[in-house]
Amino acid sequence: MTDKMIPKEYDHKKEKYWQDKWEDDEIHKFIDDGKKPRYIIDTPPPYPTGSIHMGHVLNWVYIDMIGRYKRLNGFDVLFPQGWDCHGLPTEVKVEQTHNIKKNQISRNGFRKLCVDLTEENIDLMRSQMQSIGFSQDWSREFITMTPEYMKRTQYSFLKMVGKDLIYQGIHPVNWCPRCQTAIAFAEVEYESNDTFLNYLRFKGLAKNKKSEDGVLIATTRPELISACVAVVVNPEDERYSDIVGEKVEVPLSGNEVQVIADDEVDPNFGTGAVMVCTFGDKTDVSWVKKHNLDTIEIIDEKGIMTEAAGKYKGMNLNECKLSIIDDLKEQGCLEKQKTVGQNVGQCWRCETPIEILVKKQWFINVNKLNTDIKEATEEINWIPEHMKSRLINWTDSMQWDWCISRQRIFATPIPVWFCKECGKIHVAIEEELPVDPTQNNPIAIDKNGNKVDYICDCGSTDFQGEEDVLDTWMDSSISPLSIAGWPEPNYKDYFPADLRPQGHDIIRTWAFYTILRSKALTGLKPFKDIEINGMVFGEDGYKMSKSRGNVIAPDEVISQYGADALRIWAANSLPGSDLPFDWKNIKQGYKFLRKFWNAFRFISLHILEDEIKDDIKLEPLDKWILSKLNKLILDVGNGFNDYNFATTINSTQKFIWHDFCDEYIEAVKYRLYNKDDKCIESKLAGKYTLKTVLDTILKLLTPITPHFTHEVYSYFFKDKIEYIQNTNWPIINEEFLSRECENEGNIAIDLISYIRRFKSSSKIPLNQSLNTVNIYTEDEQLITILNQFKNDIIGTLKIENITIKNSKPNVNQKIVKVSPVMSKIGPEFKKNVGKIVQCIETTDPEEIAKNLKENGEIDIEGNKINESCLNIEKELVGESGKKIDLLNMDSLDLILEIIR
RNA sequence: GGACCGGUGGUCUAGGGGUAUGAUACCUCCCUGACACGGAGGUGAUCACGAGUUCGAAUCUCGUCCGGUCCACCA
């Protein structure tokens with residue numbers, strides 16, 4: 001042990017010192033020499049917004065605990081950190097900051113501004129992560145906007161094109177008019193609000209009677225009326241049976257459309273007649289396809305009405321809606337308006353309502369991969385298990401292919417050119433990656449292996465580079481492949497990853513896409529375990545969000561209570577369960593560390609000067625705490641292996657605070673302060689035990705509170721730094737793992753706390769000695785046990801004289817109550833329990849006790865009940881001497897006579 | 001509308017066939033040679049509701065209500 005001054009109080013400000021030391025000494029580096037088994041973590045690459053939030057803290061504390069736990073268990077851990085850079089928010093931020101629009105400067109210029117902003121944000125977030133003590137190997141950092149990462153993303157595109165899984169096509173796509181790009185279904189979120197359902201009269205054009213009234217349709221989107229291509233009714237709906245097949249006239253536009261029948265129409269909604277517009281929603285798309293209807297492009301990319309809208313051209317959607325409603329009213333076509341609730345799909349990044357436009361886009365053929373995805377999903381170990389069904393459900397609900405092209409700038413370019421002569425698509429070759437086709441012409445490799453200009457089959461060398469870029473999820477969905485070094489041939493040494501930790505909000509995106517890509521590119525599942533963490537709620541019980549004003553920044557907590565306290569809060573939870581933020585829990589963690597620090601200071605006073613030897617004769621109480629310690633090693637290990645973090649931290653805290661500090665340390669103090677040479681052995685046993693417990697629990701706590709344990713551990717050494725992170729996880733010592741030692745110790749602890757309580761309630765100061773304690777019991781086993789613990793009992797309680805007598809004191813014990821022990825009686829007597837319990841409760845307790853004493857059991861209608869099935873409450877009766885207290889313990893069958 | 005998770009002392013929580021764990025808050029007492037930023041006690045829960053299975057249900061089954069999350073979506 002060191003002679004360094006140990007401060008009276010633990011200073012969490014020292015956390016920074018350890019973070020820097022770890023970084024300088026690279027103790028979290030992935031060695032990769034093949035000497036240790038590898039453990040690969042597919043760390044989430046967050047979007048570089050500039051600050052991390054409590055959700056990140058929860059997710060990364062889990063990752064970090066596992067990483068540190070695995071390192072202590074002899075694994076070579078790859079814990080990289082990535083950044084998912086591309087995407088709209090950064091573009092928007094750049095546009096705001098520089099007050100420009102993306103089209104006002106060159107693509108490269110705009111891209112450069114995005115890169116600069118992203119780098120700044122990564123720097124900020126990296127240092128915030130370090131301030132929580134996360135143990136990433138920063139030499140393995142990956143950034144999706146770097147050329148080397150983009151090369152992998154583009155290569156994965158090439159590979160999937162080669163497997164016929166990617167195609168370009170003209171399809172309706174979800175379109176964000178604000179971002180002016182296509183988005184995937186996974187990026188559409190639904191918001192509910194109220195709107196008007198408008199009832200519009202379409203004039204019938206046939207000459208028969210039935211069609212005179214035409215048809216009344218109900219729509220929430222009258223602004224699309226000029227794009228109406230049909231009216232649909234349910235084939236079973238008798239109201240419309242005569243008009244099906246007839247033509248009707250669309251109000252305002254005057255177009256003639258046909259009334260068709262389709263059983264997807266709900267006759268009970270609105271009027272049971274629907275106008276199909278291109279495109280109001282997803283059902284419109286399917287009707288257009290099914291009935292081979294026209295499409296009328298009425299909205300442009302910016303959400304402005306086109307030529308096809310006639311007089312409404314140039315208006316935005318809302319202006320158009322108001323104007324059309326006015327005109328409909330004027331013409332008498334609007335028969336009524338009714339408020340209805342609806343869910344509007346909107347862009348998940350900017351919350352603008354999405355439109356469905358028909359566009360030429362790139363798609364991944366999801367249907368070809370669905371079976372593979374589900375197969376891999378089943379092979380993966382989901383924690384918690386029930387999260388698996390979310391992915392299965394999502395996969396089953398896939399209707400459209402994944403649209404992977406975006407009409408933006410800051411993203412990985414799609415490595416494709418179009419021949420300006422013949423229009424043929426040319427996909428880049430591996431050798432020219434990474435490439436931005438808007439900046440470079442395609443190349444080819446000639447017979448001699450030299451790079452030459454690519455010539456189209458038609459002979460042209462004039463190419464138009466694809467301006468569309470890839471969906472950001474195309475970058476992040478290869479993260480486990482990228483960290484494994486794919487497509488290097490040895491990537492399978494690092495793939496599939498051992499662990500994918502992530503939130504449940506991105507199961508349908510990140511988890512789904514990663515599994516899809518991994519199966520498509522390698523045929524393998526991307527990871528073995530997927531741990532899904534819950535969301536962080538504010539103190540008010542709702543999801544933390546700026547709009548609710550319930551956000552607490554991690555920095556705020558760290559500056560007040562330190563990163564370890566924050567980590568304890570996060571660790572006290574389970575994967576899959578949402579976790580409310582709670583200052584009380586943070587403080588509780590902080591208090592725990594303070595308590596442990598004080599215990600450490602006490603221990604250090606006693607193990608400072610001596611060499612602690614191993615071959616020592618332990619006292620029964622030492623064996624008691626050591627048995628509990630070994631049980632703790634088992635529990636904590638199981639907790640980490642099963643991702644049951646709450647159990648881990650709870651059982652550790654309970655052990656340290658109560659078993660160790662409150663009971664063991666108190667009971668062993670007298671030995672440590674004893675100057676008598678005769679007691680040297682038990683003193684050394686105490687020191688050995690204290691040292692062993694301290695040493696072990698530091699290791700058990702290191703994954704959770706690494707700063708604290710490194711600080712404490714550093715006092716074990718004089719002039720050098722040894723990292724506890726570089727030691728080994730404690731091995732369970734089977735010899736000490738003994739239920740018997742624990743039970744016997746519990747008896748002694750019970751007795752000690754009972755007498756302590758007596759002192760306390762009798763207002764005797766705890767450090768004042770007791771003249772005499774006589775223990776009376778007729779239980780011989782109990783006598784043996786108490787004799788073993790005699791010294792510790794005397795010492796702890798400062799008892800001058802103690803006797804343990806196999807007899808009764810000169811008083812009477814009265815049996816006041818006998819009650820059944822259900823856990824014993826239940827399983828043994830099953831159906832007869834009712835009678836037995838009733839009998840016990842109605843019989844005089846003294847009589848039961850008498851029977852029990854005489855026969856060793858009682859007989860209730862043939863059922864033999866012995867003492868272990870009964871709880872016998874006794875009371876002492878009789879005069880106790882003035883200075884003598886007689887106590888009857890509930891939990892142990894003994895009587896105490898105490899002379900003060 | 002569908003799926004999943006949950007409803008346990010004032011608050012949060014463990015457990016998941018034998019009447020309940022811990023934390024926090026509150027109350028009482030105690031400065032004992034690591035710690036009053038501590039310790040010892042105490043009050044406080046018919047485990048959402050209803051029915052069923054069982055000798056016995058917080059625990060299993062079914063139904064209801066409430067909360068949360070995800071998904072779908074009606075024009």
Side-chain angles (χ1 to χ4, degrees), chain A residues 6 8-10 190 192 197-198 217-221 224 231-232 264-277 280-284 287 340-345 384-394 396-397 399 504-505 507-508 534-535 537 541-543 572-573 576-578 580 582 584-585 587-588 590-591 593-606 646-647 650-651 653-654 658 661-662 665-666 669-670 672-673 753 756-761 763-768 798 820-837:
Chain A
I6 301 173
K8 205 161 184 250
E9 282 181 32
Y10 174 63
Y190 290 87
S192 37
L197 187 59
N198 302 279
I217 66 99
T219 182
T220 56
R221 302 207 59 187
L224 299 179
V231 168
V232 201
E264 251 189 276
V265 176
D266 175 2
N268 299 319
F269 185 88
T271 62
V274 190
M275 69 169 187
V276 181
C277 301
D281 67 13
K282 234 163 105 180
T283 1
D284 287 346
W287 281 328
V340 288
Q342 71 167 11
N343 288 314
V344 177
E385 178 79 27
H386 67 81
M387 288 293 178
K388 191 201 308 188
S389 61
R390 294 211 185 169
L391 197 118
I392 298 284
N393 290 347
W394 176 254
D396 284 338
S397 72
Q399 287 173 17
H504 62 68
D505 52 335
I507 289 176
R508 71 169 196 261
M535 298 287 110
F537 291 167
Y542 291 97
K543 219 163 154 178
N572 197 355
S573 64
S577 305
D578 299 324
D582 188 356
K584 273 189 218 154
N585 288 335
K587 283 181 201 160
Q588 202 270 342
Y590 178 79
K591 275 166 73 177
L593 294 177
R594 190 166 57 202
K595 179 77 181 175
F596 191 10
W597 180 259
N598 281 313
F600 158 64
R601 276 205 306 134
F602 171 79
I603 296 167
S604 72
L605 295 174
H606 299 281
T647 301
N650 284 331
S651 49
Q653 284 199 9
K654 206 175 156 201
H658 298 111
C661 292
D662 294 344
I665 291 183
E666 289 305 324
K669 268 180 183 169
Y670 86 95
L672 301 170
Y673 289 114
S753 22
R756 206 185 280 148
R757 234 173 292 159
F758 160 77
K759 274 181 151 179
S760 173
S761 60
K763 313 223 164 150
I764 304 168
L766 284 177
N767 60 345
Q768 188 179 310
K798 299 192 194 304
V821 178
M822 292 311 291
S823 57
K824 295 242 172 168
I825 290 189
E828 201 172 330
F829 299 102
K830 306 209 162 123
K831 296 210 172 184
N832 296 319
V833 166
K835 295 187 244 191
I836 294 172
V837 169

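Throughout, a chain's letter reflects where its sequence line sits, starting with A, and its residues are numbered from 1.
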Query raised in the report: Taking the same atom, C1', in B:U46 and in B:A3, what whole-Å distance lies between them?
Result: 34 Å

Requested in this report: Would you mind reading off the distance between A:Ile392 atom CD1 and B:A72 atom C1', rounded to a whole angstrom?
Outcome: 17 Å

**Report entry** Residue list, salt bridge (Lys or Arg N to Asp or Glu O under 4.0 Å) with A:Lys759, at least two apart or on another chain
**Finding:** none

Query raised in the report: With sequence neighbours excluded, what pairs up with A:Phe602 under the ring-ring contact (aromatic ring centres under 6.0 Å, His included) test?
Result: A:His606

Query raised in the report: Is A:Asn393 touching bases, backbone alone, or none of the nucleic acid, heavy atoms closer than 4.0 Å?
Result: sugar-phosphate

Query raised in the report: Without hydrogens or angle criteria, can the side chains of A:Asn393 and A:Arg390 be said to hold a donor-acceptor pair below 3.5 Å?
Result: no

Query - Reading 5' to 3' through nucleotides 28-38 of chain B, protein heavy-atom contacts under 4.0 Å coded B for base, S for sugar-phosphate only, - for none - result: ----BBBB-BS

Query raised in the report: Quantified in whole Å, what is the P atom distance between nucleotide B:G15 and nucleotide B:U8?
Result: 14 Å

Requested in this report: Quick one: list whatever passes side-chain contact (heavy atoms from CB on, under 4.5 Å) with A:Glu9, sequence neighbours left out.
Outcome: none

**Report entry** Residues forming a salt bridge (Lys or Arg N to Asp or Glu O under 4.0 Å) with A:Arg221, sequence neighbours excluded
**Finding:** A:Glu223, A:Glu355

Query raised in the report: Starting at NZ of A:Lys282 and ending at P of B:A75, how long is that distance when rounded to a whole Å?
Result: 14 Å

Query raised in the report: If you check the A:Phe537 side chain, which of B:C74, B:C73, B:G68 turns out closest?
Result: B:G68

Report summary line: note: A:Gln342, atom CD; B:G1, atom C1'; distance rounded to Å ~ 17 Å

**Report entry** Whole angstrom value for the distance that separates C1' of B:C74 from OH of A:Tyr190
**Finding:** 13 Å

Query raised in the report: So what's B:U19 paired with, Watson-Crick or G-U wobble, going by both distances under 3.5 Å?
Result: none

What are the atom names and distances for every N/O pair under 3.5 Å that joins the protein to nucleotides 4-13 of chain B?
from, atom 1, to, atom 2, distance (Å)
B:C4, O2', A:His386, ND1, 3.0

Query raised in the report: Residues two or more places apart in sequence or in another chain: which of them pass side-chain contact (heavy atoms from CB on, under 4.5 Å) with A:Val265?
Result: A:Val232, A:Asn234, A:Val274, A:Trp287

Query - B:U11 to B:G16 separation - P atoms, rounded to the nearest Å - result: 24 Å

Query raised in the report: Roughly, in whole Å, what's the span from CD1 in A:Ile507 to C1' in B:A3?
Result: 12 Å

**Report entry** Watson-Crick or G-U wobble mate for B:G52, both contacts under 3.5 Å
**Finding:** B:C60

Query - Gap between atoms CD and P, on A:Gln653 and B:A14 respectively (whole Å) - result: 15 Å

Query - OP1 or OP2 of B:A40 under 4.0 Å from side-chain N/O of A:Ser753 - result: no

Query raised in the report: To the nearest Å, how far apart are A:Asn343 CG and B:C73 P?
Result: 10 Å

Query raised in the report: A:Met275 CE to B:C74 P: how many Å, rounded?
Result: 14 Å

Report summary line: Taking for A:Lys824 and for A:Asp284 the nucleotide of RNA chain B with the nearest heavy atom, the one nearer the 5' end belongs to A:Lys824

**Report entry** Over 12 non-hydrogen atoms of neighbours within 6.0 angstrom of NZ in A:Lys282
**Finding:** yes

Report task. Determine the Euclidean distance between corresponding C1' atoms of B:U64 and B:C26; express it in Å to zero decimal places. Result -> 36 Å

Report task. Please name all residues satisfying salt bridge (Lys or Arg N to Asp or Glu O under 4.0 Å) with A:Lys584, sequence neighbours left out, ordered by chain then number. Result -> none

**Report entry** Rounded P spacing from B:A20 to B:G52 in Å
**Finding:** 25 Å

Report summary line: ring-ring contact (aromatic ring centres under 6.0 Å, His included) filter on A:Tyr590, not counting sequence neighbours, yields A:Tyr561

Query raised in the report: A:Asn198 side chain to A:Thr219 main-chain N or O, any donor-acceptor pair under 3.5 Å?
Result: yes

**Report entry** Rounded distance in Å between the P positions of B:C62 and B:U69
**Finding:** 25 Å

Query raised in the report: Can you tell me how far C1' in B:G50 sits from the matching atom in B:A57, rounded to whole Å?
Result: 14 Å

**Report entry** Residues in side-chain contact (heavy atoms from CB on, under 4.5 Å) contact with A:Lys654, at least two apart in sequence or another chain
**Finding:** A:His658

**Report entry** Annotated protein contacts, base or backbone, on nucleotides 53-59 of chain B with a non-hydrogen cut-off under 4.0 Å, one of B, S, - each
**Finding:** --B----

Query - Same-atom distance (P) from B:U19 to B:U59, integer angstrom - result: 14 Å

Report summary line: Sorted by chain and number, sequence neighbours left out, side-chain contact (heavy atoms from CB on, under 4.5 Å) with A:Ser753 holds for A:Ile749, A:Arg757

Query raised in the report: Would a distance-only check, ignoring hydrogens and angles, find a side-chain to backbone donor-acceptor pair under 3.5 Å from A:Asp578 to A:Met535?
Result: yes

